*Asks:* 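My questions will all concern the structure given below.
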Amino acid sequence: MNHNDGTIRVVIAGSGNVAEALALAAAEREGIELAQIAARNAARAAEIAAAAGCAWTDDLARAAEADMYIIAVSDRAVGEVAEALRRSDGSTLVHTAGSVAIDVLRDAAESARGGYGVLYPFQTFTAGRAIDMREVPIFIEGSDADAERRIGRVARLLSRSVGRASSERRRAIHLAGVLGCNFVNALYGMAADILAEREGLPFDVLRPLITETARKAADADHPRTVQTGPAVRGDRAVAERHEAMLDSDPRAREIYRLLTDYIWETSRKI
């Protein structure tokens, strides 16, 4: 497709949190024309399209003409959606998954005689929660130089922070994200349950602690340099009392013990 003004016409396939965040960001950017949301979940597709001001379809075989198709679905669905998605000849096919290799798109992309690649936004997304995509690191990979150039152009329209990452490197980045986001949030949940179930205290008690911990880690050269608590001090008496308090939940007790040992061992390397 040719656009005299250089605008890139984009279809987003998917109706989850990443699809919504990308759609809202793309709708705001000069240089990107968000043509359509294509997703099997009609209700969510319509909702995202209404928010982004674009068309939608719940039939992947009726996707609109576009220069780039961005597949933003769960990891296990990327290949299936790529095969089902109707695309313009010569268009670029992209997925957004952290742990899915670029090669999953090869066959589908070649059927439309176009390049393919990855546009991976390194952030946690939640439906209805606004994210400034300009501040989100985006990692890209292309099947060839032309595809990577096109993907990079869209990425730079979306974000101020764009880097290249092979499939192997992206998997490592995704692992770091799981540890630094999903696992940390699960610990927040464990802490909230202990306060609620044992002492009847609300989650609000934890909010200032969570905020300061995250701010302090973000401000540090390395989070390990601002680690506090009994584990970093080697205070086994306190740690053992805490473990005893968790005797009724062996899994939580083991998590506590493993993290205590990890903090103690790594803090000595500073």
Side-chain angles (χ1 to χ4, degrees), residues 1 8-23 25-26 34-45 48-49 56-125 127 136 138-152 154-155 158 163-178 182:
M1 299 179 69
I8 300 173
R9 186 172 163 88
V10 171
V11 166
I12 294 177
S15 59
N17 299 339
V18 177
E20 178 181 60
L22 286 173
L34 181 60
Q36 186 188 58
I37 305 297
R40 289 165 175 159
N41 184 330
R44 276 289 289 158
I48 295 170
W56 66 275
T57 181
D58 60 357
D59 184 354
L60 298 180
R62 298 180 64 185
E65 294 283 321
D67 304 300
M68 182 175 292
Y69 295 81
I70 301 176
I71 299 174
V73 297
S74 65
D75 290 6
R76 63 183 178 276
V78 171
E80 176 192 352
V81 170
E83 292 295 337
L85 190 64
R86 191 212 71 83
R87 301 191 335 278
S88 305
D89 278 353
S91 60
T92 306
L93 182 63
V94 175
H95 77 67
T96 62
S99 288
V100 177
I102 187 176
D103 294 343
V104 73
L105 299 178
R106 179 186 289 126
D107 291 346
E110 288 178 353
S111 70
R113 297 185 293 278
Y116 58 96
V118 181
L119 186 153
Y120 171 46
F122 188 50
Q123 181 56 281
T124 176
F125 298 101
V136 175
I138 293 180
F139 294 94
I140 65 167
E141 182 180 14
S143 57
D144 54 50
D146 285 343
E148 193 159 295
R149 177 182 53 78
R150 290 192 292 272
I151 297 165
V154 171
L158 292 170
R164 188 185 185 282
S166 65
S167 293
E168 183 178 0
R169 188 180 193 212
R170 197 172 62 255
R171 280 192 291 270
I173 294 167
H174 187 249
L175 169 59
V178 168
N182 306 137

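Please read all numbers here as calculations on a predicted model, not as lab measurements.
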*Asks:* According to the interplanar angle, ranging from 0 to 90°, do the rings of Tyr120 and Phe139 count as parallel (below 30°), tilted (30 to 60°) or perpendicular (above 60°)?
*Replies:*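 Because their plane-to-plane angle lies in the 30° to 60° range, the rings of Tyr120 and Phe139 count as tilted.
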*Asks:* Nearest heavy-atom pair of Ala72 and Thr96: which atoms, and what distance?
*Replies:*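 Closest pair (atom of Ala72, atom of Thr96, distance): CA-OG1, 3.5 Å.
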*Asks:* Any side-chain heavy-atom pair from Gln36 and Tyr69 closer than 4.5 angstrom?
*Replies:*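 Contact flag for Gln36/Tyr69 side chains = no.
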*Asks:* Applying salt bridge (charged side-chain N to carboxylate O under 4.0 Å, His left out), which residue pairs with at least one partner in residues 71-81 are found, sequence neighbours left out?
*Replies:*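 Counting only pairs at least two positions apart or across chains, the salt bridge (charged side-chain N to carboxylate O under 4.0 Å, His left out) contacts touching residues 71-81 are Arg40-Glu80.
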*Asks:* Please enumerate all residues that pass side chain to side chain contact (heavy atoms under 4.5 Å, CB included) together with Asn182, with sequence neighbours excluded.
*Replies:*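 Counting only residues at least two positions away or on another chain, Asn182 forms a side chain to side chain contact (heavy atoms under 4.5 Å, CB included) with Val178.
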*Asks:* Going by side-chain hydrogen bond (donor to acceptor under 3.5 Å, both in side chains), name the residues that satisfy it together with Tyr116, two or more places apart in sequence or in a different chain.
*Replies:*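 Once residues adjacent in sequence are excluded, the partners of Tyr116 under the side-chain hydrogen bond (donor to acceptor under 3.5 Å, both in side chains) criterion are Arg106.
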*Asks:* If we ignore hydrogens and angles and just use 3.5 Å, is the side chain of Ser88 paired with the main-chain N or O of Ala66 as donor and acceptor?
*Replies:*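 Pair found, side chain donor or acceptor close to backbone of Ala66.
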*Asks:* How would you list, by chain and number, every residue that makes a salt bridge (charged side-chain N to carboxylate O under 4.0 Å, His left out) with Arg87, sequence neighbours excluded?
*Replies:*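 Result, salt bridge (charged side-chain N to carboxylate O under 4.0 Å, His left out) vs Arg87: none returned.
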*Asks:* Hey, could you give me the CG/CD1 distance between Leu158 and Ile138, rounded to the nearest 0.5 Å?
*Replies:*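 So the gap between those two atoms works out to 5.0 Å.
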*Asks:* What pairs with Arg164 under side-chain hydrogen bond (donor to acceptor under 3.5 Å, both in side chains), at least two apart in sequence or on another chain?
*Replies:*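 Here the qualifying residues are Glu148.
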*Asks:* Check whether Arg9 reaches the backbone of Glu65 with its side chain - one donor and one acceptor, N or O, closer than 3.5 Å.
*Replies:*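 Yes, because the side chain of Arg9 sits within donor-acceptor range (under 3.5 Å) of the backbone of Glu65.
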*Asks:* Distance-only criterion, 3.5 Å: show the donor-acceptor pairs between side-chain atoms of residues 10-20 and protein atoms not counting sequence neighbours.
*Replies:*
| residue | atom | partner | partner atom | Å |
| --- | --- | --- | --- | --- |
| Asn17 | OD1 | Ala127 | N | 3.2 |
| Asn17 | ND2 | Phe125 | O | 3.1 |
| Glu20 | OE1 | Gly128 | N | 3.1 |

*Asks:* Suppose we screen for side chain to side chain contact (heavy atoms under 4.5 Å, CB included). Which residues come up paired with Ala45, at least two apart in sequence or across chains?
*Replies:*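 If we apply the side chain to side chain contact (heavy atoms under 4.5 Å, CB included) test to Ala45, skipping adjacent residues, the hits are Ile37, Ala39, Trp56.
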*Asks:* Looking at residues at least two apart in the chain, or sitting in another chain, which of them share a side-chain hydrogen bond (donor to acceptor under 3.5 Å, both in side chains) with Glu110?
*Replies:*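 Per chain and number, Glu110 pairs via side-chain hydrogen bond (donor to acceptor under 3.5 Å, both in side chains) with no residue.
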*Asks:* For Arg150, which residues count as a salt bridge (charged side-chain N to carboxylate O under 4.0 Å, His left out) partner, sequence neighbours excluded?
*Replies:*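 Arg150 satisfies salt bridge (charged side-chain N to carboxylate O under 4.0 Å, His left out) with no other residue.
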*Asks:* Find out whether Val78 and Val73 are in side-chain contact, i.e. whether some heavy atom of one side chain is under 4.5 Å from a heavy atom of the other.
*Replies:*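 SC-SC contact between Val78 and Val73 confirmed.
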*Asks:* Checking Glu141 against Ser167: is there a side-chain donor and acceptor pair closer than 3.5 Å?
*Replies:*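 Yes.
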*Asks:* Looking at CD1 of Ile151 and CG of Asp146, how far apart are the two atoms once the value is rounded to the nearest 0.5 Å?
*Replies:*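 Nearest 0.5 Å value for the CD1-CG distance: 11.0 Å.
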*Asks:* Can you tell me if His95 uses its side chain to pair, donor with acceptor, with the backbone of Leu105 under 3.5 Å?
*Replies:*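 No; zero donor-acceptor contacts below 3.5 Å.
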*Asks:* Can you list the residues that meet the side-chain hydrogen bond (donor to acceptor under 3.5 Å, both in side chains) rule with Arg113, with sequence neighbours excluded?
*Replies:*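 Partners of Arg113 by the side-chain hydrogen bond (donor to acceptor under 3.5 Å, both in side chains) criterion, ordered by chain and then number, come out as Asp89.
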*Asks:* List in chain and number order the residues that pass side chain to side chain contact (heavy atoms under 4.5 Å, CB included) with Ala176, two or more places apart in sequence or in another chain; answer none if no residue qualifies.
*Replies:*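 Partners of Ala176 by the side chain to side chain contact (heavy atoms under 4.5 Å, CB included) criterion come out as none, since no residue qualifies.
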*Asks:* Where do Ala108 and Ala82 come nearest, in terms of heavy atoms and distance?
*Replies:*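 What the structure gives for the nearest pair is CB-O, 3.5 Å.
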*Asks:* First locate atom CG of Leu93, then atom CD1 of Ile102, and finally report the distance between them rounded to the nearest 0.5 Å.
*Replies:*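 Here the rounded value is 10.0 Å.
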*Asks:* Quick one: salt bridge (charged side-chain N to carboxylate O under 4.0 Å, His left out) partners of Arg169, sequence neighbours excluded?
*Replies:*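 If we apply the salt bridge (charged side-chain N to carboxylate O under 4.0 Å, His left out) test to Arg169, skipping adjacent residues, there are no hits.
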*Asks:* Mind listing the closest non-hydrogen atom pair of Asp58 and Ala42 along with its distance?
*Replies:*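 Minimum heavy-atom contact is OD2-CB, 3.6 Å.
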*Asks:* Taking the side chain from Arg86 and the backbone from Asp59, do they hold a donor-acceptor pair closer than 3.5 Å?
*Replies:*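 A pair under 3.5 Å: no.
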